[in-house]
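Keep in mind it's a predicted model, so treat the numbers as computed, not measured.
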Amino acid sequence: MRRTKPLLRTLPHFLTWRAFRFCTICSGRAGFATATATATASTKLLDTFTEQFEIGSRVITLETGKIARFANGAVVLAMDKTNVLSTVTSTKGDTVRDFLPLTVDYQEKQFAQGVIPTSFMRREGAPRERELLCGRIIDRPIRPLFPPGFYHEVQVMASVLSSDGKQDPDVLAANATSAALMLSDIPWGGPIGMVRIGRVCGQFIVNPTMEELKLSDLNLVYASTKDKTLMIDVQAREISEKDLEAGLRLAHPEAVKYIEPQIRLAAKAGKLKKEYKLSMLSDKTMEKVTNMAEAPIEAVFTDPSYGKFERGEALDNITQDVKRVLEEEGDEESLKVLSKAVDTVRKKVVRKRIITEGYRLDGRELDEVRPLYCEAGYISMLHGSALFSRGETQVLCTVTLGAPTDAQRLESVVGPPTKRFMLHYSFPPFCINEVGKRGGLNRREVGHGTLAEKALLAVLPPEDDFPYTVRVNSEVMASDGSTSMATVCGGSMALMDAGIPVREHVAGVSVGLVSELDPSTGEITEYRILTDILGLEDHLGDIDFKIAGTRKGVTAIQLDIKPAGIPPDIICECLEPARKARLQILDHMEKEINMPRTKNDSTSPRLATLKYNNDALRRLIGPMGALKRKMEEETGARMSVGDGTLTIVAKNQFVMDKVLEKIDFIVGREIEVGGIYTGIVTTIKEYGAFVEFNGGQQGLLHISELSHEPVFRVSEVVSVGQKLSLMCIGQDVHGNIKLSLKATLPRSGGFKTDDVVEGSVASAKETANIWAPIENVSIAQEQQSSASELSLGSLELGEAKSPTSQAPVVLIRSAAECDEEEKSSRVNLSSTGPNLDNGVQVNHKLKSRKYQNAIDSPPKSKSPRSQEVIDSPPSSHSGPLPYTNVKKAKHSTQKESKSDLKRPAGDDQKPTDNASVSAKDLKLGTKVTAKVCQIRAHGLVLDLGGGLRGMYRFEENDKKDFKIGDEMRVVCSSFSSKGIPVLTFVDDQ
C-alpha cells in the first residue's frame with residue numbers, strides 16, 4: 001500500500017482517514033467509526049466517582065478516579081474552595097515485625113494559597129511543626145482500626161491542593177484518609193468520621209471557619225466510628241466539664257455523618273480486601289510462655305517497693321529465664337515472638353489485678369495522685385524557672401522573655417502569621433537511662449509540647465497588655481509517665497516566677513482506663529478508671545487521657561486510644577476524676593507560688609517598652625538599621641521596633657541602663673526643667689560650653705554653672721568629648737536651653753557676690769569687677785561702667801565706640817548659630833558720614849564692611865589653648881573682627897569681663913612708667929605699655945591694665961612673631977564702635 005499510495009504518508013492530519021472518523025482500510029473497504037466507541041475509549045480512562053453530602057451547613061464532596069489512579073487508594077475531599085488529596089499505599093513483604101509501621105505525611109505546599117516560598121531555594125523544606133501535628137491528628141484515629149497482627153508497612157500521604165483560608169484542612173485530610181483506606185485493598189476496620197466543634201457566645205458551631213475560631217472559646221476535634229470514640233483533641237478557654245461533655249455528645253452524631261458517604265463511595269469504586277499475612281501468636285507459644293512467666297511477673301507487680309528501673313530489671317530477668325528454657329528446647333518459633341508473648345502476659349497480669357482487686361503497680365488507690373514536689377525559681381539567673389516532680393516523673397521548665405519581633409514566623413495556609421507564645425518540649429535519652437542521639441524535630445516531642453502550649457495559652461494576658469514573646473522550655477529530667485502534664489504544671493509555675501501576669505495556675509493529669517471485653521460481642525463488660533497513670537500503666541492500659549485546666553475549667557485535652565474505640569459515656573465519666581486530681585495538684589502549686597513574682601535583683605533579665613513617634617524611631621534605627629545593630633552589639637541588648645513602640649530585652653539591669661542611656665542620647669525625651677540629662681561637650685567657648693544631649697539637641701553650659709566655686713577657665717572643668725550629667729535649669733526668651741553642672745553637684749561652700757577679683761580696679765565708679773550669676777546682678781552693678789565687660793568677640797578694628805553701661809544679659813544660642821554669625825559676610829555701613837553715639841565719634845571709613853544681621857552673642861572659642869583665646873575670623877576675611885550692634889547693647893554679655901577678671905595671677909599687668917589706665921582716662925594719643933594677651937589671625941588683643949583691653953591690627957607684611965605676655969609701647973589711635981581702643985606701635989627712640 002505504501003508503494004501504490006505514497007501520498008498518504010505526507011498528508012496533513014486533518015486530511016487523514018482518522019480525522020474523518022474512518023477506520024483503517026481492510027480488504028479494500030473503508031468504514032466510519034461509531035461515536036459511541038470513540039466516547040467510550042476517551043472516558044474510560046477518566047472514570048470518576050463522587051459522593052456529595054452536607055455537614056454543618058457546608059457541602060462536602062468526595063471524589064476518586066480522576067487523579068492518583070496508581071495509588072492503592074486515593075480520594076480528593078473538597079469543602080468550599082479547599083481541596084485535600086489523600087493517598088494510601090502498602091507493602092506486600094513478609095518482614096517479621098511486632099509493630100505496625102504506619103507513616104502519615106501531611107504537607108501544605110505554598111502553591112495551595114498562590115504563594116512562592118520565601119526560603120532561599122524557593123521550595124518547601126523539612127516538615128514544619130504544624131505539618132507534624134496534622135499528621136498526628138490523622139494517625140491517632142486510624143491506627144487502632146488495623147487488625148491485630150497486621151504489621152505490613154503502610155504509608156498515608158495527605159496534600160493540600162488548594163486552600164481559601166476559611167477551613168482548616170487537617171479535619172478534611174483525616175476524612176479523606178479514611179475514605180482512601182476504604183477504597184484500598186488494605187484490611188482496616190473503618191470508616192471513621194472526624195469533625196471540628198466551636199462555641200461562640202455559648203452556641204456550638206459545627207465545622208467553624210477560621211474567623212469563627214478566633215472568637216470561639218472551644219476548639220474540639222472529635223473522631224469516632226459509628227458508636228465509639230477514637231480520638232479527642234481540645235483547646236479551650238477554661239470551659240467547664242459540663243459544657244465539654246455537651247460538646248462531645250454533639251460532636252459524635254456529626255462525625256458519624258461522614259461514615260455513610262464513605263461506605264457508598266467504597267461500594268462504587270472500592271477494591272476487594274486482600275489477604276495479608278498476620279503475625280499472630282500461636283496458642284502453643286502463649287501457653288508455654290504463660291506457664292513459665294506468669295507467676296514471676298505477678299510477684300513483681302504485687303511488690304509496691306519496686307521502682308521503675310528495679311521493676312524493669314526484674315521483668316527483663318524473667319524474660320531471659322524464659323529465653324534460656326526455649327533455647328534448650330530448641331523452640332525457634334517461640335523465640336521469634338518471645339518479647340511479644342512476654343508483653344502479652346504482663347498485660348494480662350496487670351489488668352486482672354486492677355480489675356479484680358483494685359490495686360495498682362505501685363500500691364496506690366485507683367484515684368490517688370503520686371507524691372508531689374514543687375520548686376519555683378530553681379535557677380535564679382533566668383527570667384523564670386520551676387522544678388516539678390510527680391512520683392518519679394521530673395520536669396525542669398524555664399521561661400525566656402523576648403521582644404515582639406522574636407515571635408515565631410509561621411508559613412501555614414491557615415492561621416496567624418506569627419506565634420508569640422512557644423513551648424518546646426524535650427525528651428533526652430538520659431531521662432529513661434538510655435543511650436541515644438539528639439536529632440531534629442520529633443513527632444512525639446512536638447505533640448507533647450503543643451499540648452502543654454495549648455493548656456497554658458488560655459491564662460496568658462492579652463497581647464495588648466503583654467506584647468512580649470514568651471518561650472517556655474521543658475526539659476524532662478526523669479520520665480515515669482505523663483511528662484506532658486508535668487510540663488503544664490512546671491510551665492505554669494515558671495511563668496509566675498518570671499513575673500508574667502497569668503490569671504491563675506494551670507495543672508494537668510493523665511487518666512487511664514483498664515477494661516475487660518466480652519469475647520463474643522467485643523463489648524466492654526467491666527472497667528476501671530485510673531488517675532495519674534504510670535508509664536507502664538499507660539503502655540498496658542487502654543487509653544491515655546490527658547486533661548489540663550484551671551480551677552474554673554478545662555484548657556486542653558488529648559485522648560489516645562489503643563483498642564478500636566471506647567464508648568463516649570466512659571470517656572465523659574473520666575472527666576470528673578481528672579478534675580479532682582487537678583484541684584489537688586493546684587493546691588500544692590499555689591503553696592509554692594500563688595502570684596506573679598516581682599524580681600528586683602540586678603542580675604535578673606530586664607524588659608522595657610518605650611513609646612516614641614515614628615520620626616524618633618527612624619533616628620534610632622539609622623540607615624538600613626545600622627545604628628540599631630551597633631547599639632545591640634555594644635550593649636548586648638536586643639531591641640524590637642514596632643508601630644510607635646520600642647521594646648528592649650536586656651540580660652540584667654546594668655545592660656538595660658546602658659542601652660537606655662544610649663537611646664536617650666539618640667532619640668531623646670521630653671525636656672523638663674529640673675530633669676537630669678546626659679550629654680557630650682561639643683564646643684568650648686570662653687563663656688561656657690555647648691553640650692549635645694537628648695537626641696541631638698544643644699544647650700549652653702554657662703561658665704557660671706560649672707561649679708559652686710569660681711571657675712577661671714572652662715577648659716579646666718570640661719573638655720570636648722567629655723560626657724556629663726547635667727540639669728536643665730530653664731530656657732531663655734528665644735527658647736534656648738540652659739544647662740547646669742553645679743546643680744547636680746553637692747554644694748561644698750558659697751561664693752560671695754561682692755568679692756573683688758584680683759586685677760580689677762577698686763573704684764566702683766570705674767568698674768566693679770564682680771563675678772556673679774546673671775540673676776544676682778545688683779541694680780548698682782547695672783549702673784556701673786561696662787568697660788571691663790566688653791566682649792572680645794565684638795572687637796572691631798578701626799572703629800571707636802564708647803562703652804555701654806547696660807546690665808549684662810546672657811543670650812543663649814547654639815554653637816552653629818554663633819559660628820555662622822562670626823563667619824557671615826560683612827555689609828557696608830548705611831551712612832557715609834560720621835555719627836555720634838554716646839558722645840564718641842564713629843569712624844565709617846573702613847576698608848571692610850560690617851557683618852550683616854550682627855547679633856550680640858557670646859564669643860566663640862575654637863581651641864581652649866589659654867583663657868583668653870578666641871575664634872579668629874575665616875582666613876578669607878581681611879577686614880575687622882565681628883562686632884555687635886551697639887543699639888542692642890542691653891543684650892551684650894559679660895563673659896569676657898569674667899575671663900579678664902579671672903585670669904591667672906601671672907597674667908597681671910606689670911608696673912610701667914605710666915600709671916594704670918582706665919577707660920575714663922584713655923584718650924586719643926595716650927601712650928601706654930601693653931601686654932599681648934591674645935594673638936588673632938588679623939591682629940593682637942592687648943591688655944592695657946586696669947581691666948581695659950585694646951586691639952592692634954596687623955598691617956600688610958607686618959606680621960611678626962609675637963608671644964603671649966610680650967610687652968610693647970602703643971598709642972591709642974582710635975576707638976571702635978563699641979568703644980574698644982584701637983592701638984598702634986610707638987617707637988620711643
(Q) Between Ser426 and Glu475 (side chain of the first, backbone of the second, donor and acceptor by atom type, cut-off under 3.5 Å), is there such a pair? (A) no

Output for pair (Ser510 OG, Leu530 CG), nearest 0.5 Å, gives 10.0 Å

Consider only side-chain N and O atoms of Tyr359 and Thr302, and report whether a donor and an acceptor are under 3.5 Å apart.
no

Inset, instruction - Could you tell me whether a side-chain N or O of Asn175 sits under 3.5 Å from a main-chain N or O of Met194, the two making a donor and an acceptor? - result: yes

Check: Ser178/Gln262 side-chain N/O donor and acceptor closer than 3.5 Å
yes

_Aromatic ring pairing Tyr276/Phe150, orientation class (parallel under 30°, perpendicular over 60°, tilted between)_ = perpendicular

Which of Leu220, Asn219, Asp233 passes side-chain contact (heavy atoms from CB on, under 4.5 Å) with Arg196? Answer is Asn219

Note: Arg360-Glu368 ion pair, threshold 4.0 Å (strictly below):
no

Shortest non-hydrogen pair, Gly135 vs Tyr106, comes out as N-CB, 3.9 Å

*asked:* I want to check something: taking the side chain as every heavy atom from C-beta on, are Lys340 and Leu281 in contact at a cut-off of under 4.5 Å?
replied: yes

Note: Val195 and Ala251 closest approach over all heavy atoms is CG1-O, 3.6 Å

I'd like to know if the side chain of Arg582 reaches the main chain of Ala548, judged simply by a donor and an acceptor atom lying under 3.5 Å from each other, with no hydrogens or angles considered.
no

Check your understanding: Would you find a donor on one side and an acceptor on the other, under 3.5 Å apart, between the side chain of Thr393 and the backbone of Gly481?
Key -> yes

Step by step, would you call Leu372 with Phe388 a side chain to side chain contact (heavy atoms under 4.5 Å, CB included)? CA-CA 8 Å; Leu372 302 173; Phe388 180 83; 4.0 Å; yes

Given the options Leu513, Val514, Leu517, Ile566, Tyr527 meets side-chain contact (heavy atoms from CB on, under 4.5 Å) only with Leu513

Of all heavy-atom pairs linking Ser224 and Ile259, the shortest is O-CD1, 4.3 Å

> Sub-3.5 Å donor-acceptor pair from the side chain of Lys562 to the main-chain atoms of Asp544, do we have one?
Replying inline: no

Exam field: side chain Glu375 to backbone Leu387, donor-acceptor pair closer than 3.5 Å:
no

When rounded to the nearest 0.5 Å, the distance separating OG of Ser240 from NZ of Lys552 is 12.5 Å

Query raised in the report: Would Leu230 and Leu145 satisfy side chain to side chain contact (heavy atoms under 4.5 Å, CB included), going step by step from the backbone distance to the final call?
Result: CA-CA 9 Å; Leu230 286 171; Leu145 298 181; 4.0 Å; yes

The salt bridge (charged side-chain N to carboxylate O under 4.0 Å, His left out) partners of Arg579 (sequence neighbours excluded) come to Glu576

inquiry  = Can you confirm if the NZ or CZ of Arg444 lies within 45° of the ring axis of Phe427 and under 6.0 Å from the centre of its six-membered ring?
reply    = yes

Quiz prompt | Salt bridge Asp532-Arg390, side-chain N to carboxylate O under 4.0 Å | solution = yes

Is any NZ, NE, NH1 or NH2 atom of the basic residue among Arg249 and Asp569 found under 4.0 Å from an Asp or Glu carboxylate oxygen of the other? yes

Checking Glu504, Glu241, Glu590 against Arg551 for salt bridge (charged side-chain N to carboxylate O under 4.0 Å, His left out), the one that qualifies is Glu590

Practice item. Decide if atom OH of Tyr378 counts as having more than 12 heavy atoms of other residues, nucleotides or ligands within a radius under 6.0 Å. Key: no

### Query
Is it true that a side-chain atom of Asp303 and a backbone atom of Ala299 form a donor plus acceptor pair closer than 3.5 Å?
no

Q. Is there a salt bridge (charged side-chain N to carboxylate O under 4.0 Å, His left out) between Asp243 and Arg199 once you walk through the steps?
A. CA-CA 10 Å; Asp243 293 342; Arg199 191 177 73 163; 3.1 Å; yes

Flag if over 12 foreign heavy atoms under 6.0 Å of CD, Glu313:
no

*State, yes or no, whether a side-chain contact exists between Ile529 and Leu366 at a heavy-atom distance under 4.5 Å.*
no

- Message: Would the distance check show the side chain of Glu453 and the main-chain N or O of Leu423 forming a donor-acceptor pair, the cut-off being under 3.5 Å?
- Response: yes

| request: Determine, for Lys347 against Asp542, whether the closest basic-nitrogen to carboxylate-oxygen distance falls under 4.0 angstrom. | output: no

dist Asp560:CG -> Gln558:CD (nearest 0.5 Å) comes out at 5.0 Å

**Report entry** Residue pair Ser216 / Arg237, side-chain heavy-atom distance below 4.5 Å
**Finding:** no

Is there a side-chain contact between Gln394 and Tyr373, using heavy atoms and a 4.5 Å cut-off? no

In terms of heavy-atom contacts, Ser492 and His505 come closest through OG-ND1, 2.7 Å

Q: Determine, step by step, whether Glu238 and Arg503 satisfy the side chain to side chain contact (heavy atoms under 4.5 Å, CB included) criterion, reporting the C-alpha distance in whole Å, the side-chain angles of both residues, the deciding distance to 0.1 Å, and the verdict.
A: CA-CA 11 Å; Glu238 298 178 284; Arg503 292 199 300 272; 2.8 Å; yes

- Task: Might you work through the salt bridge (charged side-chain N to carboxylate O under 4.0 Å, His left out) test for Arg311 and Asp362, ending with a clear yes or no?
- Result: CA-CA 10 Å; Arg311 187 184 301 112; Asp362 54 358; over 6 Å; no

Can a donor-acceptor pair be found, under 3.5 Å and without considering hydrogens, that links the side chain of Arg471 to the backbone of His424?
no

Please assess Ser90 against His152 for the test side chain to side chain donor-acceptor pair (under 3.5 Å), listing each intermediate value before the final yes or no.
CA-CA 7 Å; Ser90 176; His152 298 271; 5.8 Å; no

Subject >> Salt-bridge present (Arg128, Glu131; N to O < 4.0 Å) >> reply: yes

| message | Using only atom types and a distance under 3.5 Å, with no angle test, would you say the side chain of His252 pairs donor to acceptor with the backbone of Leu248? | response | no

Between Leu451 and Ser484 the two heavy atoms that sit nearest each other are CD2-OG, 4.1 Å

Check: Is the number of heavy atoms from other residues, nucleotides or ligands under 6.0 Å of Lys348 NZ greater than 12?
Finding: no

Taking it one step at a time, do Tyr222 and Ile197 satisfy side chain to side chain contact (heavy atoms under 4.5 Å, CB included)?
CA-CA 8 Å; Tyr222 181 89; Ile197 302 293; 5.8 Å; no

With side chains defined as the heavy atoms from C-beta onward, is the minimum distance between Asp480 and Arg370 less than 4.5 Å?
yes

When rounded to the nearest 0.5 Å, the distance separating CD1 of Ile354 from CG of Leu361 is 6.0 Å

Is there a side-chain contact between Ser412 and Glu108 in this structure, where contact means two heavy atoms from C-beta onward sitting under 4.5 Å apart? yes

In this structure, CD1 of Ile593 is separated from CG of Asp497 (nearest 0.5 Å) by 5.0 Å

Between Ala293 and Ile318 the two heavy atoms that sit nearest each other are CB-CG2, 4.1 Å

Open item on the list: When you compare the side chain of Leu133 with that of Ile137, does any pair of heavy atoms fall below 4.5 Å?
Closed with: no

Between the CG atom in Leu172 and the OH atom in Tyr258, the distance rounded to the nearest 0.5 Å is 6.5 Å

| query | Would you say Leu559 and Ile543 make side-chain contact, with heavy atoms under 4.5 Å? | reply | yes

